[in-house]
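One structure below.
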Amino acid sequence: MHIGLRRLDEPLLAALCDTAAAGADPLEVMPPAPGPPGWTVRRRAAFVAFHRERSVAAPRPVERTWAVVVDGEVAGAARLEPVDGGEEAGIWLARPWRGRGVGATVLRMLVERAHGPVVAETIADNGAAVAVLRGLGACVTVEGDAVHARWGRADGRPGSDAGRAVLAAGRRHSAGLRADGTVVAVGDGRAGECAVDGWTGVVAVAVGNVHTARNTGRSHTVGLRADGTVLATGRDNDGECAVGGWRGVVAVAAGWRRTLGLCAEGTVLAAGRAAEGACAAAGWRGIRALSCGDWHSVGVCDDGTAVATGNDRYGQCAVDRWHDLVAVSAGYLHTVGLRADGTVVSTGRGGGDVAGWHDVTAVSAGSGHTVGLLADGTVVAAGDDDLGQCAVGTWRDVVAVAAGSAHTLGLRADGTVVAAGDRTGGRCDVDGWTLAVGTPGSSGGRCSPPGPG
């Protein structure tokens, strides 16, 4: 199923009106209009006039409106309307396309097209919609029967904070972000990678990952603070923890013996092992997301393309033809990219077959396996499963995933965490965790409710 957005114009408006009349109630897709119920000639004319006045023919459009096109057919409409503090997202779909994951894909596309923070609303009884909002990285707040969702980077640039991880899995340990901005870590901490007890004001975590081998193991943990500074603990033989002077950082990524930081202006900072070019990201511009593998690093550009640097022996850096990306994840010898339509692309060696995945809202690459979070809160996995790291088929209500060297973590909507795979050293001892669902706000507390609208 191919899902796309096309800016609404006169020909598409006529097709959209036909779609609405055939598969939606008038009150679902337009303001009330006088006259008998149903799609009368007068009501169809009012529908067309409504969209002309707001976007298609307006000298100063009230909103940006797109036709939702599924496999060449107009399936509904999507909009972004400016409100205080951002843009409000709205979607309607005709009956034949409801319940098929189209809405989640379209909402992801709107978030990526926004000029700033995005807000959306639903009702508390709509559990499926709430799960989708959380799965797409929204900060969700509940007020009575109303559910408010907000996506918005702390730096005000387009896109969401979905790339700010609240869960991270490494070679021998795991880390998680609590709702109060503190951090918890379990596993083998002989290099100090689990020494996070004193951290506060953290809004994202990352851990260094590396493939399982006799000569690998010691790692580090990184925390991004709400004020744009960065914390690090653990192995520092190559200077991977030398991040104390970083400022203005909005996202972090950790790989084998190195750390990357994404700055508010879209540039990248690097610390640690420079061999093979894995830290050669100083010239990158317009970056919106980062990921580190064993020996390579990958970034998503503001235009949805990707860049990569480092070891490319198996084609793990062959991302130059990728497009429409919203996220990337780098593993041992492979890289995966998440497209705005919910499909996944991959390059390199290993990681499993992800070509048939659809309705994906997040991806995470382990050393030899790949994990995908679906819009309905379930999880898929492919690749190496020798230690059960792909045994995620029964997981439900998941809102975030993290793949380590040989284990997998999943964050549920209630803040609890599930784990699969290698349990050596206690890396999967997460049963007692309760983590932040959505990123804590940029002031160090919970996310604030959306503005009016």
inquiry  = Donor-acceptor pair, distance only, cut-off 3.5 Å: does the side chain of R43 make one with the backbone of A33?
reply    = yes

query = Could you state the interatomic distance from CZ (R95) to OG1 (T19), rounded to the nearest 0.5 Å?
reply = 12.0 Å

key: Ion pair R64/E81, N-O distance below 4.0 Å   = no

query = Do D397 and D414 have side chains that get closer than 4.5 Å, going by heavy atoms?
reply = no

ask   = Which of these passes side chain to side chain contact (heavy atoms under 4.5 Å, CB included) with V300: L290, V328, L338, L262?
value = V328

Side-chain H-bond candidate by donor/acceptor type, T309 with H296, under 3.5 Å = no

query = When you check the gap from the basic side-chain N to the acidic O, do R54 and E63 get nearer than 4.0 Å?
reply = yes

task = Decide yes or no for V106 and W66: does some side-chain heavy atom of the first lie under 4.5 Å from some side-chain heavy atom of the second?
result = no

task = Please identify each residue that fulfils side-chain hydrogen bond (donor to acceptor under 3.5 Å, both in side chains) with S405, with sequence neighbours left out.
result = T212, S367

Check: V203 and R225 side chains under 4.5 Å, non-hydrogen atoms = no

query = In chain order, what residues pass the salt bridge (charged side-chain N to carboxylate O under 4.0 Å, His left out) check against E193, with sequence neighbours excluded?
reply = none

message = For E53, give me all partners under salt bridge (charged side-chain N to carboxylate O under 4.0 Å, His left out), at least two apart in sequence or on another chain.
response = none

inquiry  = Whether the side chain of T65 engages the backbone of R79 through a donor-acceptor N/O pair (distance < 3.5 Å, no angle test) should be reported.
reply    = no

inquiry  = Once salt bridge (charged side-chain N to carboxylate O under 4.0 Å, His left out) is applied, do any residues pair with R285, and if so which ones, sequence neighbours excluded?
reply    = none

ask   = With a 4.5 Å heavy-atom cut-off, do T370 and S346 have their side chains touching?
value = no

query = What pairs with H51 under ring-ring contact (aromatic ring centres under 6.0 Å, His included), at least two apart in sequence or on another chain?
reply = F47

ask   = Between the side chain of S297 and the main-chain N/O of A278, is any donor-acceptor distance below 3.5 Å?
value = yes

key: Heavy-atom check, side chain of L110 versus side chain of I91, under 4.5 Å   = yes

message = Test: side chain to side chain donor-acceptor pair (under 3.5 Å). Region: residues 5-18. Which pairs qualify, not counting sequence neighbours?
response = E10-R52, D18-R44

